[in-house]
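All residue numbers refer to positions in the sequence shown, counting from 1.
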Amino acid sequence: MRSVCAAAPQLAGVVPYDPKYLPVTAVLSANENPHDVDDEIRRDIMREVKRLPLNRYPDPLANDLRDMIAEANGLDRDQVLVGNGGDELLFNLALAWGGPGRTFLNLPPTFSVYDANARLTNTSVVDVPRRADFSIDEEAVLARVAEGGIDYLVVTSPNNPTGQLASETFILRLLDATDALVMVDEAYFEFSRQTMRPYLAQHKNLVILRTFSKAFSLAGARMGYILGDAEVVREFVKVRQPYSVDAVSQAVARVVYANRAKFERGILAVIEERARLIEGLKRIPGVKPFPSDANYVLFRVENAPVIWEALYERGVLVRDFSRAAHLENCLRVTVGASEENDAFLRALRDAVMGKCDLKVPST
């Protein structure tokens, strides 16, 4: 058998993104909405899907959906672009503003996909780490962009996995301090009630990323979108894959977006459960939860990998960040339904208090 030549050199050392889905009773690891799309909306979705000519390609740019999103945000169609989840649009960001000889400024710890996309596109990465409390080192970021040579950066607000909002004042200072493209990742903004949308008209270098996966319960349908200046959006269009958003996902998203007000009750329930979850974590000795404006809570606990294993054995899956830089001994739990949160808190208390048979997880 003949051998095969090596893959592209930039893949060396890249670890594939792994959400670590495992069979458990309570899946609290992926920041999904615990509430599924309700039956009435699901029936409307099925009616729309039945009308689709599946032998035909979908609208390449999902213009009906773009129009709906544009109208809701007081924008024109050419200021909106949808993608196959936020992940496609994040990769398109690296394709359009990154590449050899170009530089991405990263604010770790944050979503690891930003750094991976930069490296896959041969983009140089400059890190300005967050402070010990996970807040952005604002003056250090502003000083670095003032040096020049930064082509794009992502400010995640609320930040994943740490949960905190970025300061609106800081983002405005940043936009004024650089001509780099500043993407504000607002994947969780419905849970924080804070957005940079009012500032789009004044800042051509601002682009906002959002998703249907979280507040609108469509993680399974893969739909994200950006809001930005028409010229910026046009550059994203140049690098996107043809027909990347299929006809079924477009139909599902149209129905859900038309009914988005009906999701408000579920969003408020998540916000209420988030507060209850944080209070429950505070009452467990040795557990330190961090403030969160999203639908998840990061917490630090001694022997986190062992605690993670104990939770898994009790049927609760959370995300283990304990081996990641800046996140030592940290786990992240998604805000689930009330019974899931109760099960998590019971299992965590038992693990921390030594009521579980704790084992060192295999590597």
Side-chain angles (χ1 to χ4, degrees), residues 16-19 21 27 30-33 35-73 75-96 111 113-114 116-117 120-121 183 185-190 207-228 230 232-260 262-263 266:
Y17 183 77
D18 180 9
Y21 276 6
V27 180
N31 302 342
E32 297 154 324
N33 195 316
H35 312 290
D36 202 349
V37 175
D38 70 32
D39 290 341
E40 182 180 356
I41 296 175
R42 192 179 290 270
R43 284 192 292 270
D44 291 343
I45 288 171
M46 295 311 298
R47 279 195 293 269
E48 284 296 306
V49 170
K50 285 180 180 179
R51 297 190 185 111
L52 293 176
L54 297 179
N55 61 315
R56 303 295 183 187
Y57 285 108
D59 178 342
L61 295 176
N63 283 316
D64 289 345
L65 181 59
R66 291 175 82 193
D67 287 341
M68 294 173 70
I69 295 171
E71 181 180 5
N73 286 277
L75 302 172
D76 296 325
R77 174 195 286 182
D78 59 3
Q79 293 177 274
V80 179
L81 185 66
V82 303
N84 191 313
D87 294 315
E88 180 197 7
L89 295 162
L90 287 171
F91 192 59
N92 289 347
L93 171 67
L95 287 172
F111 191 29
V113 167
Y114 308 149
N117 287 345
L120 288 171
T121 53
M183 173 177 279
D185 185 342
E186 293 186 350
Y188 302 94
F189 94 97
E190 289 93 349
V207 62
I208 295 170
L209 175 71
R210 293 180 180 172
T211 181
F212 281 65
S213 296
K214 315 301 180 183
F216 298 143
S217 304
L218 287 187
R222 310 309 303 129
M223 181 66 69
Y225 63 97
I226 57 170
L227 310 174
V232 170
V233 170
R234 194 172 302 121
E235 300 304 304
F236 276 82
V237 174
K238 291 177 182 179
V239 299
R240 75 193 301 271
Q241 292 294 305
Y243 308 112
S244 65
V245 181
D246 65 82
V248 174
S249 292
Q250 289 186 37
V252 173
R254 287 196 301 271
V255 173
V256 164
Y257 202 73
N259 289 278
R260 62 191 179 278
K262 295 180 181 179
F263 289 81

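- Shortest non-hydrogen contact noted between Ala62 and Val82 is CB-CG2, 3.5 Å.
- In this pair, Phe212 and Tyr225 present their aromatic rings perpendicular. The plane angle is above 60°, beyond the 30 to 60° band.
- Classification of Glu48 and Arg51 as a salt-bridged pair holds, one side-chain N sitting under 4.0 Å from a carboxylate O.
- Between Ile226 and Ile208, the closest side-chain pair of non-hydrogen atoms is not below 4.5 Å.
- In this structure, Leu65 and Gln250 have side chains that are not in contact, with every pair of non-hydrogen atoms separated by 4.5 Å or more.
- Of the possible donor and acceptor atoms, one in the side chain of Asp246 sits under 3.5 Å from a partner among the backbone N and O of Val248.
- Atoms CG and CG, on Leu90 and Asn117 in that order, are 6.5 Å from each other to the nearest 0.5 Å.
- For Arg66 (side chain) and Val80 (main-chain N/O), a donor-acceptor pair under 3.5 Å exists by modelled atom type.
- Side-chain atoms of Arg77 do not come within 3.5 Å of backbone N or O of Asp67 as any donor-acceptor pair.
- Judged purely by atom type and a 3.5 angstrom limit, Asp59 uses its side chain to pair as donor or acceptor with the backbone of Asn63.
- Considering only heavy atoms from C-beta on, Val233 stays 4.5 Å or farther from Asp78 through its side chain.
- In this structure, CD in Gln241 is found 9.0 Å from CZ in Phe91, a value given to the nearest 0.5 Å.
- Taken from CG in Asp39 to CG in Asp44, the straight-line distance is 11.0 Å, to the nearest 0.5 Å.
- When every heavy atom of Asn31 is checked against every heavy atom of Lys214, the shortest pair comes out as O-CD, 3.3 Å.
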Item to check | side chain to side chain contact (heavy atoms under 4.5 Å, CB included) evaluation trace for Arg240 with Leu81 | outcome: CA-CA 10 Å; Arg240 75 193 301 271; Leu81 185 66; 4.0 Å; yes
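- Across Val245 and Asn84, no two heavy atoms sit closer than the pair CG2-N, 3.6 Å.
- Listed here is the closest heavy atom pair of Met68 and Tyr257: O-CE2, 3.6 Å.
- Between the Ser217 side chain and the Asn33 main chain, no donor and acceptor come within less than 3.5 Å of each other.
- Rounded to the nearest 0.5 Å, atoms OH (Tyr188) and OG (Ser213) are 8.5 Å apart.
- Using a 4.5 Å heavy-atom cutoff, the side chains of Lys238 and Glu235 are in contact.
- Of the charged side-chain nitrogens involved, none lies within less than 4.0 Å of a carboxylate oxygen, so that Asp185 and Arg210 do not count as a salt-bridged pair.
- Atoms CD1 and CZ, from Ile41 and Arg43 in turn, are 10.5 Å apart once rounded to the nearest 0.5 Å.
- The minimum heavy-atom distance between Thr211 and Met223, with the atom names listed, is OG1-O, 3.4 Å.
- Geometrically, Arg260 does not engage Phe263 in a cation-pi contact defined by less than 6.0 Å to the ring centre and at most 45° from the axis.
- Side-chain atoms of Val237 and Leu61, non-hydrogen and from C-beta on, do get closer than 4.5 Å to each other.
- Across Ala94 and Thr121, no two heavy atoms sit closer than the pair CB-OG1, 3.7 Å.
- Between Leu227 and Leu209 the shortest side-chain heavy-atom distance does not fall below 4.5 Å.
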